[in-house]
Amino acid sequence: MELLSYLLATDLRMAAPILIAALGLLFMEKSGVVNIGCEGMMLFGTFFGVFFARLSGSPWIGLLFAGMTGMVIGLFFAFIVVTLRANQIVTGIALNIIAQGATSTLNRLIFGVSSQAANAPGFEVVPIPLLSKIPVIGDSLFNQMGPIYLALLLVPLIRWFMMKTTMGLKIRAVGEHPHSADTAGINVRSVRYGSILAGSFLVGAAGGFLSLGILSLFSENMVSGRGYIALAVIIFGKWNSWGVLAAALVFGLGDAVQIKMQTAGSSIPYQFLMMLPYILTILALSGFVGKAESPAASGKPFRNDEL
Amino acid sequence: MDTYETVLEMRGITKVFPGVVANDAINFDLRKGEVHALLGENGAGKSTLMGILSGVYQPTEGSIVLEGAPVRFDSARDAIHNGIGMVYQHFMLVPKLTVAENIMLGIKRPKEPLLQIDKASEQIVAFARTYGMDLDPEQKVASLTVGQQQRVEIVKALFRGAKILVLDEPTAVLTPKEIQELFSMIKMLTDQNFSVIFISHKIDEVIEISNRISVLRRGKLEATINNEGVSKEELAGLMVGRDVSFCVEKTPCCPGDSVLALEGVGLKDREGRPLLKDVNFEVHEGEIFGVAGVDGNGQDELLEVITGLRSASEGSVCIVGQEVLGKSPRQILEMGLAHIPADRQARGLVLSMDIKENFIINDYYRSPHSKRDIISWPFVRKHTKENIERFDVRTSSIDTPVSTLSGGNQQKLILARELHGKPVLLAAMHATRGLDVGAIEYVHQRILEQRAAGTAVLYISTELEELMSFSDRIAVMFRGEIMGIVRPEEVTIDQIGLMMAGSIT
Amino acid sequence: MNRRLNTILVQCVSITVAFALGAVVIKMIGISPLFAYGALLNGSFGSINAIGETLVKMTPLILTGLSYAFAARAGLINIGAEGQLYVGGILATLVGSNFAGLPMIIHVPFAVAAAFAGGAVWGGLVGLLKVKFGANEIITTVMLNYIAIYLVSFLVTGPMKAPPGTMPESRPIVDSAQLVRILPGTRLHIGIFIALLALLFYYFFIFKMRQGYEMRVVGNNMESARAAGMRPQRTMVLAMLLAGGMGGLAGGVEILGIQGRLLQSFSPGYGFDGIAVALVGVNNPVGIVLGALLFGFLRAGGNRMQLIAQVPVSVIYVVQGLVITFVIIGQNLHVFQKVGVNRPFRRKTGDGPAPEVL
Amino acid sequence: EGQKEGESSDQLKVAALLPGPINDGGWNTNMYDSLKFMEKELGAKIAYTERTPASDYEEIFRGYAASGYNIVFGHGFEFGEPAEKVAKEFPDVTFIITSTSISQPPNLGSFLVDDFQCGFVQGAVAAILSKSGIVGYVGGMEIPPIVNQSKGFVAGAKYVDKSIDAKALLTGSFEDIAKAKEMSKSLIAEGADILVADADESNHGVIEAVEEAGALVIGSSGDIYETVPDARDVILTSMTENMPKGLTVLAKSVADGTFEAKNYIIGLHDGAVALAPFRDKASLVSADQQAQIDKIIQDLKDGTIDLNQYK
Ligand SMILES: Nc1ncnc2c1ncn2[C@@H]1O[C@H](COP(=O)(O)OP(=O)(O)OP(=O)(O)O)[C@@H](O)[C@H]1O
Ligand SMILES: Nc1ncnc2c1ncn2[C@@H]1O[C@H](COP(=O)(O)OP(=O)(O)OP(=O)(O)O)[C@@H](O)[C@H]1O
Ligand SMILES: [Mg+2]
Ligand SMILES: [Mg+2]
């Protein structure tokens with residue numbers, strides 16, 4: 001039981017940054033934009049999250065600014081892929097490279113070269129009264145940091161937004177068939193800009209949560225591939241926010257199990273344990289997830305003078 | 001009706017694309033409550049003119065006057081807000097969304113961030129009813145028939161308050177029954193003072209439905225005439241600038257041996273619903289065997305089974321006595337099958353590749369097209385050039401991507417590819433869909449030549465008139481079953497129409 | 001042609017802008033941009049050795065670029081060159097560090113072929129998972145990258161560890177399997193010819209051979225391919241095999257020509273750069289060479305910038321990222337021209353070179 | 001910096017190749033500090049390449065050697081082989097590789113911190129002071145200094161008490177701090193009350209976990225009481241390796257012409273490696289325990305404990 005509770009708690013914690021980033025990506029993907037630069041966007045979020053949290057003394061303000069940083073980067077990304085209609089994958093790769101360099105440079109310019117990592121006030125665990133006392137799930141589910149609750153709330157919220165609001169409908173239409181949307185009088189570009197900005201906020205905030213929630217400091221390249229995993233999570237979760245949650249948890253669980261097995265002194269070489277989440281994903285994908293259908297216009301630039 | 005109220009005027013519209021003058025100083029006007037038909041060959045400039053009206057293109061020159069006031073449409077949005085409702089040649093619906101969602105897209109209802117899909121669905125259903133249409137708002141558009149999709153398009157336009165409805169080649173994909181339904185809807189609309197612009201290549205329809213007719217040729221307006229006593233030939237002449245013959249001149253059929261034989265062919269979908277049920281027929285040498293039916297009644301599946309793209313669950317399909325079931329598409333092609341698919345762009349061509357590359361798609365792997373896995377491009381070029389010329393595919397070079405060819409030329413390319421090598425069996429579907437009269441005439445002639453040369457032709461179409469004048473025998477399909485096989489001389493179009501709707505002769 | 005000239009001009013301008021922005025950053029950290037860029041140029045083209053280094057960097061980049069391009073031709077997105085490179089490295093090491101005594105003429109091709117085979121297995125697996133289970137190749141390639149990297153880490157600390165000592169490294173590649181250096185005073189080795197041969201093969205295969213033609217048809221319109229009797233599934237697996245093979249070769253030449261033994265994380269991200277190389281070069285053979293040149297230039301010169309001008313590596317990343325970004329911007333500036341040159345839109349159900357997800 | 005008196009007019013030029021970023025707070029920072037120290041003490045001109053890609057080791061060695069640097073450090077065993085190659089081409093340049101035991105006269109030597117010994121002391125201290133009988137070690141990538149130290153850790157703990165549960169874990173990366181943190185939490189959840197952090201950048205993750213979950217941490221490679229002052233609440237002690245001093249002495253010997261191309265090992269015996277004082281946590285250590293620790297260190301120094309039997 002304790003093991004289960006532990007696994008669940010670790011799972012949720014490790015899954016949270018991936019989940020938040022993936023939910024952000026979901027916004028973009030739904031409108032037909034693929035952002036492989038998620039990794040870099042998150043990295044910007046980690047840095048500016050710490051920067052502003054230090055400045056203000058509040059992790060929440062840090063998180064907010066991490067999101068806003070994401071949006072600034074998102075604006076730049078949107079300009080290149082929406083206005084200039086550039087290839088989204090190369091742009092994303094460029095973004096990753098820039099992010100790696102820029103955050104390290106800024107880190108050194110601002111915080112100097114020291115062995116004390118730039119740290120900041122981090123999030124505290126906020127147990128929810130009563131609920132956190134439920135056996136097994138109580139401690140893991142209701143004894144977490146604020147942003148984790150928010151992330152979990154976002155899951156149904158985004159689903160609701162996509163399915164039940166006018167804006168959500170527009171985003172889906174633009175991602176599926178931009179020309180239909182265009183002839184229906186929807187400004188495809190604006191919708192994509194909007195989705196990228198909203199999504200980038202979440203991606204940036206995901207970075208912020210990594211540096212302020214999971215940890216409370218910035219260190220170079222600390223995202224460590226979680227941005228790529230978030231991309232996989234979208235596909236794995238079949239472009240549906242509940243699916244995304246489930247997929248993020250699978251990854252988190254892979255991590256949790258792997259850590260647990262090492263602590264328990266498993267004799268399996270640790271590299272195999274590290275591979276576990278990835279192998280699990282491939283198996284799951286081949287076994288029961290099957291063909292996932294992306295939004296039809298995914299990754300394709302749109303021009304409205306074609307008919 | 002002597003005092004007409006003009007609702008729309010397009011004055012001196014010129015649209016220049018790089019290298020092409022698509023519209024050349026066109027004057028066009030539309031009156032309240034009228035159907036104004038726009039007639040013209042492929043590439044005459046009809047869609048472009050309407051693109052300008054709907055805000056998709058901006059004219060190089062000229063102006064639009066709407067109800068007396070000059071307007072400027074910078075986007076589709078502007079046009080929609082000014083009451084222009086456009087139903088595009090290729091529908092602009094989002095397949096994965098429901099009917100209601102599609103209709104609600106882009107409706108301007110400020111201060112309503114929530115969809116309230118149920119309320120809207122009710123409104124949509126009620127609204128559609130007032131125009132005599134039934135819609136299921138919850139269905140996904142992808143699962144609708146083309147006719148239904150078109151209705152959704154029309155409702156979508158009207159629901160958004162369109163006063164002027166533009167229908168770009170609306171009948172190309174409809175059954176006779178659906179066409180009649182569309183026409184009665186158009187009449188209902190014009191009675192209520194809506195104005196309709198109706199685009200078509202089909203002269204009969206134009207004569208049937210419109211009040212006035214404008215004919216475009218090569219970007220220029222040839223004439224705008226009242227639809228009183230104009231003859232078909234006259235219009236056709238205006239359209240193509242020469243005389244056109246409408247009767248398919250056909251030598252009597254002298255069928256030879258059986259080439260294609262289907263026996264008890266059945267096919268089920270994943271859920272076990274029948275797509276094809278006990279299909280039996282034979283097609284002989286030198287015979288054109290037509291298959292009529294409303295789209296989606298098993299014709300696609302029939303063609304797929306014959307071409308090997310799908311495997312039937314029961315029965316047998318033989319080509320010249322050899323069983324086809326279980327064979328790969330390539331093996332079947334090698335048995336002498338020529339295939340003109342229903343959607344030339346989706347299944348026939350590779351638009352981004354060039355003409356020669358498209359031309360060899362069936363033969364590229366065998367001598368003399370390639371030797372030991374290496375394609376001999378010099379041969380391919382020569383071979384393609386010869387046949388392109390023979391089949392009159394108009395292009396500047398065989399190295400241009402097929403996407404730059406007009407629809408008619410794309411179809412000719414497919415004909416050239418499929419027919420240059422004397423096939424034993426030609427299986428064609430919608431071979432003339434979307435083509436202008438000149439091109440249709442051409443396609444028919446080529447197929448007749450094949451017939452004369454002894455090829456067995458399976459010709460699937462939704463165009464009843466075409467089938468009646470063109471085929472030697474006609475099978476009518478309904479829900480995956482053959483309702484009967486008839487000779488065109490012995491039945492009327494109406495009888496076939498009834499069979500298409502499920503009644504047995 | 002006028003238009004081509006125009007394109008080149010636009011690209012030159014945008015690269016200049018990128019470097020100008022980079023100069024601002026370099027200035028910010030208190031280093032003279034002129035000095036820094038002097039080192040960049042000097043390190044990439046300034047001497048025989050520098051040119052050799054640029055070519056040395058281009059070698060794996062051409063191959064990983066080809067890895068992306070092969071898959072892209074069949075409509076697949078291969079993010080997995082990095083993993084394929086690692087597996088290629090493993091196999092090259094296995095063959096190259098054993099069989100001492102084989103004549104070079106046999107040993108080198110054997111090791112190179114092993115690298116190809118290793119990568120091909122890794123790539124082919126992606127193809128198989130795709131056609132058998134419909135597993136999305138973007139995910140599987142990303143996952144297999146991680147798996148390959150950990151696999152190398154396991155091997156060099158375990159089964160493949162050089163016998164004495166605790167170093168996580170394999171035994172060295174024996175002399176007879178090393179790729180011969182061809183330019184005295186530089187590290188340039190015959191791997192560059194392997195890369196160029198692979199490029200030639202790519203060109204020939206894609207444009208002259210029937211399997212390449214099949215790949216293009218499948219990549220552009222799967223439905224038409226099926227209707228014409230092709231077997232898209234086989235074609236996709238073949239494409240992934242070849243793509244993987246190219247990635248594997250990249251790992252092989254790097255180990256056999258430069259590194260001399262297998263180490264953990266031995267690739268500085270050549271697999272990911274390869275994606276950009278192919279995309280900047282629009283999957284076209286000449287484009288890929290130019291793309292590899294750009295990245296090779298930045299990598300070789302970047303080292304020098306750090307070494308001589310003491311520009312921190314992070315700033316070098318910024319400059320690299322800016323250059324890629326502006327090359328992309330330059331490629332797309334034509335959108336600001338008044339009239340598009342593209343074909344009018346139609347509903348292209350199964351068409352367009354775009355794979356199912358981009 | 002001005003030149004020191006007594007030196008020849010040409011300034012000593014020292015360069016280093018680093019596998020990671022200079023501010024990782026561990027291995028790479030150690031070398032960075034060493035360079036800074038040489039700059040100060042010897043008036044040397046310093047240069048370094050961070051995150052050196054494996055494919056470029058050789059080339060960058062050559063680059064520094066060719067640009068007139070007198071000493072080039074390769075900071076890690078992995079630099080050994082390429083250095084051997086380049087050293088032959090530049091007999092006038094001295095190459096010093098850390099964390100390995102190679103040498104190649106006349107101009108290539110190596111510098112090794114006895115990681116096993118460090119780990120042994122850490123393990124012993126942890127075992128002596130642990131209340132729960134469970135102690136943990138969190139390392140980064142599986143490379144010799146880490147592996148040796150982790151083995152030493154287990155050996156040291158077992159030396160004190162056979163029944164102690166000493167768990168040594170690796171994160172597989174120096175950069176994935178989040179994972180290091182989770183691992184540490186997991187160790188603490190298993191009952192470990194003292195953790196050794198030996199994962200460079202990822203040490204930050206270990207320290208955070210210890211702060212949150214309540215345990216004590218022992219630092220590696222440097223005195224984290226000084227370098228991470230914010231975490232003093234939970235810092236028990238550190239194994240300090242005075243690499244700056246050690247390397248500067250070597251550099252000076254090069255300048256003086258007394259450098260020998262051999263393997264220099266630093267450990268407890270020469271004072272370059274030491275256990276930092278317990279300071280704030282001194283109250284947790286009883287006199288008995290302190291005596292036990294001192295004895296072990298003394299035995300290691302004079303060789304009474306022969307570590308070879310534990311390797
Ligand atoms: N986006 C475009 N760019 C360049 N030229 C175009 C474009 N759209 C149309 N054209 C040109 O305009 C001409 C008119 O095309 P349009 O689509 O209006 O013809 P159409 O009358 O609708 O033909 P159809 O009956 O086949 O639909 C074409 O011949 C073509 O050359
Ligand atoms: N971008 C373009 N630039 C120049 N010419 C074009 C362009 N696009 C199309 N064309 C020309 O347009 C002509 C007709 O194109 P169009 O799209 O109207 O075909 P279509 O006959 O209407 O096909 P369909 O009936 O299937 O829609 C062709 O002659 C073609 O060469
Ligand atoms: Mg058209
Ligand atoms: Mg048209």
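All figures in this text were calculated on a predicted structure; none of them were measured in a lab. Proteins come first, then strands; the chains are lettered A, B, ... in the order of their sequence lines, and each starts at number 1.
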Where C:Y68 and A:I89 come nearest, the two heavy atoms and their spacing: OH-CD1, 4.5 Å
Closest approach of A:Y278 to C:I147 (non-hydrogen atoms, all atoms of both residues): CB-CG1, 3.8 Å
Pairwise distance CD1(A:I234) to CG(C:N136) - rounded to 0.5 angstrom: 12.0 Å
Residue C:L129 versus chain A: region with a heavy atom under 4.5 Å: side chain
Side chain / backbone / both / neither for C:V142 at chain A, heavy atoms under 4.5 Å: side chain
Approximate separation, where rounding is to 0.5 Å, of C:I324 CD1 and A:I93 CD1: 7.5 Å
Atom pair CG (C:N332) and OG1 (A:T91), whose distance is rounded to the nearest 0.5 Å: 7.5 Å
Contacting region of A:F251 [heavy-atom separation from chain C under 4.5 Å]: side chain
Heavy-atom side-chain contact between C:S314 and A:Q100 under 4.5 Å: no
Heavy-atom check, side chain of C:V318 versus side chain of A:T105, under 4.5 Å: yes
Reported CD-to-CG distance for the pair A:Q271 and C:L155, which is rounded to 0.5 angstrom: 8.5 Å
Within-4.5 Å side-chain heavy-atom neighbours: C:I328 and A:N87: no
Chain C contact via A:I36 - side chain, backbone, both or neither, heavy atoms under 4.5 Å: side chain
Region of C:L151 in contact with chain A, defined by heavy-atom distances below 4.5 Å: both
Shortest non-hydrogen separation from A:A94 to C:T325 and the atoms involved: CB-OG1, 3.5 Å
Atom pair CD1/CD of A:I235 and C:E137 - distance to nearest 0.5 Å: 8.0 Å
Spacing of A:I282 atom CD1 and C:Y146 atom OH [to the nearest 0.5 Å]: 12.5 Å
Centroid separation C:F154 to A:F272 less than 6.0 Å: yes
